[in-house]
Amino acid sequence: MTDSPTNEQLTGTFDRIDLEQIEEDIFRGTSDAAPLVPRVFGGQVAAQALVAAGRTVPEDRSAHSLHAYFLRPGDPGAPIVYTVDRIRDGHSFTTRRVVAVQHGQAIFHLSASFQLYEEGLEHQERMPDVPDPLSLPTAEQLLPRYEHLFLGPGVTERMLQARAAVDLRYVDEPPFGSVGRPREPKSQVWFRTNGKLDGITDHPLLHVCLATYVSDMTLLDSVLLAHGRGGWAVGDIVGASLDHAMWFHRPFRVDDWLLYDQESPSASGGRGLAKGRIFTADGRLAVSVIQEGVMRVPREKK
């Protein structure tokens, strides 16, 4: 990409989210493996699918919601083909359905709705009181503290590499720091991209797609906290995202600080439910998120 931020990792994330158009309404993307499991990171697939949908929508319409299902693990060694179905083009709303395919099988599908801006009723929930993000440790400062709990010596490096494009800071102790100590199922992180978006990269759809990408990184943390589980880095949970829904309420910039307030209302049947709210630093509710994931305790080896 041209005119991209100077941060090499952020540029790499742009390149992974970006798609090659191979036919009308058909796009192709590449991917890397998730940091701790041998499959494509779910947030990347969701972001790519939203890019594909957005490229078939008029410029004057912004994404206001998406609903997605993760059907099969993605193979990081193979390209992903996205096919867009133009469901509806109305006076105010445009609807798209996207299917992601690898090796001849659907691995993911997404429905997204876009809206022409209009004035209307306004209210929102209040932003929680939290510390300033610059007062909190960076990932480079935080993760090495828990290295003794991780599955192997390379986990810290892989996690840092996976999050290098994003400055993500936990407000409280992360799940892998609370192993064996169940606590209230709530988690908060501040995040922003490690670099400013400008030039051709400074497009409203890209901000939304990058927020979609980040939204899958920590959302299930609150489920883990309720049970004193450390998660994938520690190896005391086996799981994956099942579905993901987002509603985009107000404009935001992902290169400015955003607060991701997350909690889990329920876990049952081998699944955990989490919901999140993303606020701008000045207190505007920008995004609502809900996700359910498979959350299984590994069986003890006999």
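Quick caveat, the model's predicted, so the values are computed rather than measured.
Taking 4.5 Å as the limit, every side-chain heavy atom of K186 sits out of range of all side-chain heavy atoms of S222. Between D167 and W257, some side-chain heavy-atom pair lies under the 4.5 Å cut-off. In this structure, H227 and P182 have side chains that are not in contact, with every pair of non-hydrogen atoms separated by 4.5 Å or more. Looking at heavy atoms from C-beta onward, L66 lies in side-chain contact with L50 at the 4.5 angstrom threshold. With contacts defined as side-chain heavy-atom distances shorter than 4.5 Å, the pair S65/H67 qualifies. Counting heavy atoms from C-beta outward, Q262 and Q188 have side chains that stay 4.5 Å or more apart. V166 has its side chain out of reach of N194: every pair of non-hydrogen atoms, C-beta onward, lies at least 4.5 Å apart. Counting heavy atoms from C-beta on, the side chains of W247 and I290 come closer than 4.5 Å.
Y69 and H109 have their aromatic ring centers within a separation under 6.0 angstrom. Remark: aromatic rings of F150 and F176 are close, center separation under 6.0 Å.
R277 contributes no side-chain N or O that, together with a main-chain N or O of S288, makes up a donor-acceptor pair within less than 3.5 Å. Looking only at distances, no side-chain donor or acceptor of S241 sits under 3.5 Å from a matching main-chain atom of D243. The closest donor-acceptor contact from the side chain of Q161 to the backbone of T156 lies at 3.5 Å or more, if one exists at all. Judged by distance alone, with hydrogens and angles left aside, the side-chain atoms of Q44 form no donor-acceptor pair with the main-chain N or O of Y213 at under 3.5 Å. The closest donor-acceptor contact from the side chain of R284 to the backbone of P251 lies under 3.5 Å. Side chain of R28 to backbone of I22: no donor-acceptor contact under 3.5 angstrom is found. Looking at T212, its side chain does come within 3.5 Å of a backbone N or O of V208 through a donor-acceptor pair. Here the side chain of H207 pairs a donor or acceptor atom with the backbone of V254 at under 3.5 angstrom.
Cluster annotation: L168 and L219 are assigned to the same hydrophobic cluster (Ile/Leu/Val/Met/Phe/Trp/Tyr, side-chain heavy-atom contacts under 4.5 Å, transitive). M127 and I278 fall into different hydrophobic clusters, where Ile, Leu, Val, Met, Phe, Trp and Tyr residues are linked whenever their side-chain heavy atoms come under 4.5 Å apart, directly or through other members. Residue L143 is grouped with residue L149 when hydrophobic side chains (ILVMFWY) are merged at heavy-atom distances under 4.5 angstrom, including chains of intermediate members. Residues V51 and M246 are members of one and the same hydrophobic cluster, defined by side-chain heavy-atom contacts under 4.5 angstrom among Ile, Leu, Val, Met, Phe, Trp and Tyr.
At a cut-off of 3.5 Å, with distance as the only test, no side-chain donor of E122 or H249 sits close to an acceptor on the other residue. S178 and R183 are linked by a side-chain donor-acceptor pair at a separation below 3.5 angstrom, with hydrogens and angles left out of the test.
Residue E140 places its CD atom among more than 12 non-hydrogen atoms of other residues, nucleotides or ligands, all under 6.0 Å distant. Around the NE2 atom of H123, the shell of radius 6.0 Å holds no more than 12 heavy atoms that belong to other residues, nucleotides or ligands. Counting heavy-atom neighbours within 6.0 Å of Q141 CD, excluding the residue itself, gives a total above 12.
In summary, R181 and E173 engage in a salt bridge, as defined by a charged side-chain N under 4.0 Å from a carboxylate O. Remark: R253 engages D255 in a salt bridge, criterion side-chain N to carboxylate O under 4.0 Å. No salt bridge links D236 with R296; every basic N to acidic carboxylate O contact stays at or beyond 4.0 Å. Between R126 and D129, at least one side-chain N (NZ, or NE/NH1/NH2) sits under 4.0 Å from a carboxylate O, which counts as a salt bridge. A salt bridge links R86 with D25: at least one charged nitrogen is closer than 4.0 Å to a carboxylate oxygen. Salt bridge D89/R96: present, at least one basic N to carboxylate O contact under 4.0 Å.
What you find for L142 and P174 is that their closest heavy atoms are CD2-CG, 4.1 Å.
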Stepwise ring-ring contact (aromatic ring centres under 6.0 Å, His included) test for Y82 and F27: CA-CA 5 Å; Y82 296 88; F27 304 85; 8.3 Å; no

Verdict with reasoning, Q291 to H244, per side-chain hydrogen bond (donor to acceptor under 3.5 Å, both in side chains): CA-CA 4 Å; Q291 183 181 86; H244 197 84; 2.7 Å; yes

Steps toward side-chain hydrogen bond (donor to acceptor under 3.5 Å, both in side chains) verdict (R88, T94): CA-CA 6 Å; R88 180 175 183 268; T94 296; over 6 Å; no

Residue pair F279, F252: steps toward the ring-ring contact (aromatic ring centres under 6.0 Å, His included) verdict: CA-CA 9 Å; F279 293 89; F252 60 90; over 10 Å; no

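Just one of D261, D221, T218, V223 meets the side-chain contact (heavy atoms from CB on, under 4.5 Å) condition when paired with S187; it is D221.
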